[in-house]
Every structure is written in C-alpha cells, then in structure tokens.
Amino acid sequence: MGLMEQKQHFSVNLLDWYMINRRDLPWRRHNNPYFTWVSEIMLQQTRVDTVIPYFNRFIANFPTVQALAEAPEEDVLKNWEGLGYYSRARNLQAAAQQVMELHGGEMPQDKQAVFALKGVGPYTAGAILSIAFNQPQPAVDGNVMRVLSRYFLIDEDIMKGSTRVLMEELAGELIPEGRARDFNQALMELGALVCTPKAPHCLTCPVMEQCSGRIAGRELTLPVKTKAKPPRPEQRLVALVEGRGEHRGQVLVRQRPATGLLARMWELPHVLAAPAAAGKAAGPLADEPAMALLAGSLWAEGFAARPEGLATHAEHVFSHIVWNLQVYKCTEQDQGSDELPLIAAEARAAYDAAAQAAAKEMAASMLEASPSASDLDGEILAEAAVISPDSALTQTGKGDGLIYRWIGPKDMDKLAFPNVFLKLLSSYFAGAYDEVKE
DNA sequence: AAGTCGGGGCG
DNA sequence: CGCCCAGACTT
C-alpha cells in the first residue's frame with residue numbers, strides 16, 4: 001500500500017464517518033464566524049463539555065463582535081470565571097476591538113488579518129478560516145497531532161515547533177477538494193471521540209485498516225511527547241477577614257495586578273509563607289508564625305486584622321505552580337489598636353530572616369552545581385532572592401498597591417474569582433467556617 | 001527553545 | 001489520587 005493510497009483512504013473514510021457521527025454542538029448550529037471564533041478560543045486547552053455552558057452564556061451576553069468590543073472588561077472576565085487561562089478573555093475582547101476598528105465589525109477572511117488578531121495563533125487561524133469560510137487551511141491542535149502521529153506513525157516529538165509545521169503540511173495535503181470545513185472538524189472529532197489519548201477505540205475507528213500506528217502496535221506509545229516538568233510548590237497563607245462595624249457581614253478581597261498570573265482577577269488576600277529554597281518544598285508553616293506573618297502583611301497593606309485560627313486548607317494547581325493554601329479566619333480590628341504594629345514589625349523581621357536563609361541555601365546549592373562560579377556570583381544570587389519575594393510584602397501599600405474591597409455575598413456576581421477563591425468564599429458565606437475558634 | 005498561563009477528567 | 005490534556009504569548 002502506497003502513501004498516496006493511505007492518504008486517500010484516510011480522507012475519504014474519515015469524512016464519511018464524520019457526516020454520520022458529528023456531534024450537535026451550539027457553535028455548529030449556525031455558520032457564524034463570530035461563534036466559530038469564540039468557540040475556538042474557549043476550546044483551547046478546554047474540553048467540549050466544559051465549554052458548552054460558557055459558550056451559550058457568553059453569546060447570550062455578547063451576541064456580536066460589537067457587543068463584545070463595547071462591553072466592560074469586568075463583565076467579560078466574569079463570563080470567563082472558572083474557565084481558566086484568563087488572558088484568552090482579555091485577548092478576545094481586544095481582538096474584537098481590532099475587528100471593529102480595522103474590519104468594520106466583520107470577521108476578516110484574509111489569513112494574515114486573522115492571524116494578526118490577539119490570541120489567534122497558527123491553530124486558531126486555521127480553524128477559523130476552514131470552519132467559518134471553508135478555506136483549505138490546516139488546523140492542527142493536539143487532537144490532530146495525536147491522530148496523524150498514529151495513523152502515519154510519526155515519531156517526532158509533538159512538543160517541538162518543527163513537528164507542528166510538519167503536521168500542518170501533512171494536514172493540508174489531506175483536505176479533500178472543497179471540504180475543508182467538514183474535514184478539519186472530522187479530524188478533531190476523531191481525536192476527541194475515537195483516537196483518544198489513553199485508550200483509543202481502534203475497533204470502531206473508520207480508518208483503522210490502514211493506520212500504521214495500530215498495525216505496528218504503537219497506538220499506545222504515540223504520539224511521542226516530552227513530559228512537562230512538575231510544578232513548583234508554594235505554601236501560602238490566606239486571610240479570610242471578617243468585617244466588623246460598618247463592614248459586618250463582609251469579607252476583605254483584593255484585585256490582582258493587570259498582568260501576570262490570574263491578571264485582574266479578585267482573590268482573598270494571601271502571602272507566600274516563605275521564599276522557597278531552590279527545588280525544595282517548603283511544607284506547611286506552624287499556625288503561630290503563620291498568623292503573625294499574615295497580620296503583618298495585612299498591616300503593611302493598611303489593614304488591622306487579628307488572625308483567630310485555621311479555617312481550612314485548599315490547593316490550587318497551575319501548570320507551573322501549585323499553591324498549598326492555609327486559610328486563616330481573621331477579624332477586623334480598630335486601626336488604633338497598638339498591639340498590631342508590633343506584630344507587624346516582628347513578622348516582617350521573621351520574614352526577612354527566612355528569606356535571607358533561603359537565599360543563602362539557594363546560592364550554596366547553585367555554587368555546588370557549578371563550582372566555577374565565584375563567591376561574587378553567590379552574593380548576587382542571595383541579593384536577588386531577597387529583593388524579589390512575594391509582592392504582597394514588598395508592596396508599600398496604599399498608592400501603588402492592589403485594590404482592596406469589602407464585599408458581601410451579593411457582590412460575588414459582579415467580581416470574577418479563580419475557582420479556589422470562589423469555593424472558599426461560597427463556603428464562608430454559607431457559614432462553613434463559623435466554628436473556627438481563637 | 002523554554003517558561004508562563006487554569007482547570008477538569010480519567011484509570 | 002497520581003497522571004494526563006496542550007495553544008498563544010513572552011522572553
């Protein structure tokens with residue numbers, strides 16, 4: 001069997017299979033380029049079942065490019081809450097504004113113009129051009145690379161950029177004349193439903209007969225993929241500050257900076273328990289120093305609060321970091337309380353000492369790793385580690401710092417929180433931590 | 001080329 | 001509950 005025949009077999013049988021087995025998805029019901037675009041951004045790193053309710057709500061609230069372009073960013077973020085990778089939402093809105101200004105609100109059909117939109121890379125550009133406009137452009141995502149690597153037995157590491165380029169060339173050749181829209185979706189549909197990562201359903205696969213990977217018994221070892229390095233652990237102390245007086249029934253929250261991790265999302269105040277030594281898990285911090293540190297960091301931000309006790313633990317996993325959270329219930333105090341500044345000063349001193357120790361350890365381990373490095377390098381490393389600790393403590397507060405607010409349960413439907421804080425706040429407002437004692 | 005950026009599902 | 005999934009942007 002030649003390569004030409006193998007390709008022909010693939011394209012014909014896959015397309016036939018798709019026309020019978022295609023799922024009825026909200027963004028497939030109308031041929032609306034805006035719907036295609038929104039769905040493709042949402043589907044990046046996110047499964048179909050998760051996206052469906054978000055897509056429906058998003059389109060209901062922002063039915064057109066113009067509606068999205070003109071919406072308050074806060075509303076867009078709130079509609080993305082819980083979906084993750086929040087820069088997708090900000091890029092999508094920025095791109096909607098691009099479409100308004102450069103293309104009169106109409107989705108461009110030119111490859112360069114689509115690719116130039118914020119948040120649109122090689123995959124998404126191909127998906128939009130093929131699905132919305134039936135242009136014969138490849139749309140190579142993880143599903144497609146898995147399917148192609150198995151069917152054509154391609155051993156290249158799919159994490160390499162060069163492999164994606166190779167896959168795009170191949171995927172482009174496979175598109176049947178005039179059928180880009182259906183074929184590209186068929187490819188991804190097969191990867192999602194049949195040619196799955198762990199336990200592919202080869203026996204029901206429409207192209208199994210000429211699948212080189214299966215024939216070679218390699219379906220479980222393909223695609224070849226370098227595994228990601230494990231996330232670094234961070235121990236963090238979270239303050240659940242219960243308001244008193246005029247803030248009774250409210251909790252203190254803050255908005256994260258405009259860039260970086262969880263940009264512009266709201267959260268409970270928290271602080272790094274200790275600057276982690278290189279490659280070392282810090283582990284939980286004892287309650288007493290933890291509460292002192294938390295009080296100190298809140299004081300530095302302009303808030304007087306007394307930690308009462310540990311309310312709960314929580315975990316939040318990112319691709320590159322894992323937050324281990326110790327959540328302390330705290331109560332708001334009078335600003336005039338003369339005891340708190342003292343706690344703050346002690347906490348700050350303890351924190352600096354811990355940072356100093358960690359930095360020395362890190363410098364030592366790096367010197368050990370590369371003996372050629374001079375003592376001077378060690379000094380510089382130590383210095384760097386001390387002056388680059390968590391922002392919460394280095395913020396001078398008031399002015400250049402984060403935005404803090406007291407909120408009640410009703411404010412929850414305006415502000416966007418990452419899931420971990422959403423769950424903590426929901427539990428708190430439901431009375432889950434009432435039993436915490438001092 | 002390597003690091004940054006969330007969240008959920010599966011065996 | 002350890003492991004897997006992986007697109008765009010930044011550096």
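Note that these values count all heavy atoms, side chains included, but never hydrogens, waters or copies made by symmetry.
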Minimum-distance nucleotide to H320(A) side chain [options: dT4(B), dG6(B), dA6(C)]: dT4(B)
Salt bridge present between K414(A) and E74(A) (N-O < 4.0 angstrom): no
Nucleotide N/O of nucleotides 7-9 of chain B paired with protein N/O under 3.5 Å:
residue	atom	partner	partner atom	Å
dG7(B)	OP1	Y86(A)	OH	2.3
dG7(B)	OP1	N419(A)	N	3.4
dG7(B)	OP2	H316(A)	NE2	2.4
dG7(B)	O3'	G82(A)	O	3.3
dG7(B)	O3'	N419(A)	ND2	3.3
dG8(B)	OP1	N419(A)	ND2	3.0
dG8(B)	OP2	N419(A)	ND2	3.1

Under-4.0 Å side-chain N/O to phosphate OP1/OP2 contact, K160(A) with dA2(B): no
All side-chain contact (heavy atoms from CB on, under 4.5 Å) counterparts of E168(A), not counting sequence neighbours: P122(A), P138(A), V140(A), R164(A)
Mutual orientation of the aromatic rings belonging to F303(A) and Y404(A) [parallel < 30°, tilted 30-60°, perpendicular > 60°]: tilted
Sugar-phosphate only, base, or nothing, as touched by R146(A) at under 4.0 Å among non-hydrogen atoms: sugar-phosphate
Sugar-phosphate only, base, or nothing, as touched by T124(A) at under 4.0 Å among non-hydrogen atoms: sugar-phosphate
Distance in angstrom units between L261(A) CG and dT4(B) C1', rounded: 9 Å
Residues E40(A) and Y123(A): side-chain donor-acceptor under 3.5 angstrom: yes
For F421(A), ring pair (Phe, Tyr, Trp, His ring centres under 6.0 Å) partners two or more places apart: H270(A)
Under the ring pair (Phe, Tyr, Trp, His ring centres under 6.0 Å) test, residues paired with W27(A) that sit two or more places apart: F55(A)
Value in whole Å for how far the P atom of dA6(C) lies from CG of N143(A): 6 Å
Length of the line joining M159(A):CE and dA1(B):P, which is rounded to integer Å: 12 Å
Atom-to-atom span, CD of E315(A) to P of dC3(C) - whole angstrom: 13 Å
d(CD1, I321(A); P, dC5(B)) in whole Å: 7 Å
Any residue meeting ring pair (Phe, Tyr, Trp, His ring centres under 6.0 Å) with H103(A), in chain and number order, not counting sequence neighbours: none
Salt bridge (charged side-chain N to carboxylate O under 4.0 Å, His left out) contacts in which one or both residues fall within residues 178-194 of chain A, not counting sequence neighbours: R23(A)-E189(A), R28(A)-E189(A), R179(A)-D182(A)
Pull out every protein N or O sitting under 3.5 Å from an N or O of nucleotides 9-11 of chain C, one pair per line with the distance.
residue	atom	partner	partner atom	Å
dC9(C)	OP1	G119(A)	N	2.5

First of K229(A) and R88(A) reached from the 5' end of DNA chain B, by closest nucleotide: K229(A)
Counterpart residues, ring pair (Phe, Tyr, Trp, His ring centres under 6.0 Å), relative to F133(A) (two or more places apart): none
Whole-Å P distance, dT11(C) and dG6(B): 15 Å
Euclidean distance, atom CG of residue L92(A) to atom P of dA8(C) [Å, nearest integer]: 13 Å
Nucleotide dC5(B), atom P - distance to CZ of R264(A) in whole Å: 14 Å
Value in whole Å for how far the P atom of dG11(B) lies from NE2 of H201(A): 8 Å
Rounded P spacing from dA6(C) to dG11(B) in Å: 15 Å
Salt bridge (Lys or Arg N to Asp or Glu O under 4.0 Å) involving D49(A) - partner list, sequence neighbours excluded: none
